[in-house]
There are 2 protein chains.
Amino acid sequence: MSEHGPPGATLSETLEIEGVEEAARSAPRSISAADRVRESILTGQFAPGERINEVHLSRALGVSRTPTRAALHALAAEGLVDYAHNRGFTVREFPMQAVLDAYQIRASLEGLACRLASERGLAEEQRVAMEQALRDGDVILQHDILTEGDLIAYRAMNVMFHDAILAAAQSRMLMEAVRLTLNMPGSTHRHIVSFKHDDVRRRHDDHHRLYQLIAAGEGWRAEVLMREHVIGLAKKTV
Amino acid sequence: MSEHGPPGATLSETLEIEGVEEAARSAPRSISAADRVRESILTGQFAPGERINEVHLSRALGVSRTPTRAALHALAAEGLVDYAHNRGFTVREFPMQAVLDAYQIRASLEGLACRLASERGLAEEQRVAMEQALRDGDVILQHDILTEGDLIAYRAMNVMFHDAILAAAQSRMLMEAVRLTLNMPGSTHRHIVSFKHDDVRRRHDDHHRLYQLIAAGEGWRAEVLMREHVIGLAKKTV
DNA sequence: ATTCGCCAAACTGTGTGCAGTTCGATTGAC
DNA sequence: GTCAATCGAACTGCACACAGTTTGGCGAAT
């Protein structure tokens, strides 16, 4: 199964095809393929509305059409590509309004997660994660200006915090619904979410308050604050 | 491809395999297969947690493993089955708490849909559908006791009303998220949603108020009322 | 009697060939 | 020059065969 790379590469074949053999040791090709194609779509390697050719994509991934199709079906399920019978897959388009709507949906869902977390309590694991995230954010914000590295660390901290709340809500369906709202081309996010120091500080302050409210069992207040917190991400503060 | 039915039928082969040829005329096998398996799961033909054998299921459906696997992957995306590498698919379990949580999630999402619908206005098509649904409900509720036929008509009316609001929200992602919450074994719903005359009347009254609020552009009030409306479905009123 | 290791049957993962459909190009008429 | 019909290349849908993994059971050793 080696010697896969075709020399003449078309547009969709710009995917990296390194490290196939060690990664394929335990991971199924279809999963690995889905991950890589998802990454390509999220980073904007594919043009929105572009039709995806199974054969070309298969070659680019170094696998046959079967796992490729499985991967594309999985991505269709996640909402990243569209599927039409006898016409295959196309990259889904995300107009600006759809991206803004996604923040509204996520705000409602994560607000609900906060309420459920408040009612059901924080397990030790989630409490630790949230406290760690709060400390990490505090450290980052001590810097007067935020470097690119700071922003990377901030994003990791942010994911840890929000994931902990979702875990505390103890609802798999809620997690899946939130994931739907996160699966969209990330390049767009940069244009939406502000990373000015004051805005970041305000959002981190929200985190502190959210932690307090959830720990205190103030479900409704936590829900409302989280909704505002997430919606605020999509406010144009340029 | 005829003469498919194996005589010795195992558990998973109790699916109906009638009308294959006329249905397969234009519809792809994988879609048709997904629909039928989904129906089987929703009506409780499969035991929760049961492992799904691809070969047996393929024979029961009268197609090969390829479209069967595609169908199962699609159902996994909808959240009806779980998938594990090298272990295939299992029927997802829905504990009572998960079903109740689904109503909470749906309440948040449909509440948001009401707000968006209020802001974006009702297109003629949705306005007509909602008014029709309201009239249908009025007629049904004139009966002093509700027959089984009344309940079927009520459910159809209910779907029309809620779908119209979702359409008015103009967010595909929101529709998909709501669909997640609706995809669960329906038999359970019967035990949760009350169909006593007074409860149905109260819910229909909610619909009238929701229509008024949305038409009046009262987004926030419509959102709150819809949340209560949906959560009320899961309240045990036995 | 229990546990560990091994083996075989069954099942899933993947590659590949063929059939049916779609879509673009080419040719012809107007 | 424009439009339509037709043909062909390309692509998708499906079936099937083979390879790798899991899993249950059997037997031997402790």
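Just so it is clear, the values below take in all heavy atoms, side chains as well, and ignore hydrogens, waters and symmetry mates. Protein chains get the first letters and strands the later ones, always in sequence-line order, with residue 1 at the start of each.
Rounded to whole Å, the distance from CG on Leu72(B) to C1' on dC14(D) is 16 Å. At whole-Å resolution of the value, NE2 in His56(A) and P in dA9(D) are 16 Å apart. Atom NE2 of His73(B) and atom P of dG13(D) are 16 Å apart (whole Å). The distance between atom CD of Glu54(A) and atom C1' of dT14(C), rounded to the nearest whole Å, is 15 Å. To the nearest angstrom, C1' of dA10(C) lies 17 Å from CG of Leu57(B).
Glu39(A) has no carboxylate O lying under 4.0 Å from a charged side-chain N of Arg36(A), or vice versa, which leaves the two without a salt bridge. Of the charged side-chain nitrogens involved, none lies within less than 4.0 Å of a carboxylate oxygen, so that Arg179(B) and Glu176(B) do not count as a salt-bridged pair.
A donor-acceptor contact shorter than 3.5 Å links the side chain of Arg51(A) to the backbone of Arg87(A).
Between the side chain of Arg87(A) and the base of dG13(D), no donor-acceptor pair under 3.5 Å is found.
OP1 or OP2 of dT14(C) has not a single side-chain nitrogen or oxygen of Thr66(A) nearer than 4.0 Å. Close to dT12(C), at under 4.0 Å from its OP1 or OP2, lies no side-chain N or O of Asn86(B). Side-chain N/O atoms of Arg69(A) include one lying less than 4.0 angstrom from OP1 or OP2 on dG13(D).
Taking only side-chain atoms of Arg65(B), from C-beta outward, the nucleotide of dA17(D), dG15(C), dC14(D) with the closest atom is dA17(D). The nucleotide whose nearest atom lies closest to any side-chain atom of Asn53(B) is, among dC11(C), dG13(D), dT14(C), dC11(C).
Comparing Phe89(A) and Arg51(B) against DNA chain D, the residue whose closest nucleotide sits nearer the 5' end is Phe89(A).
A donor-acceptor pair shorter than 3.5 Å cannot be found between the side chains of Ser108(B) and Ser108(A).
Using a 4.0 Å heavy-atom criterion, one finds that Ile52(A) contacts the sugar-phosphate atoms exclusively.
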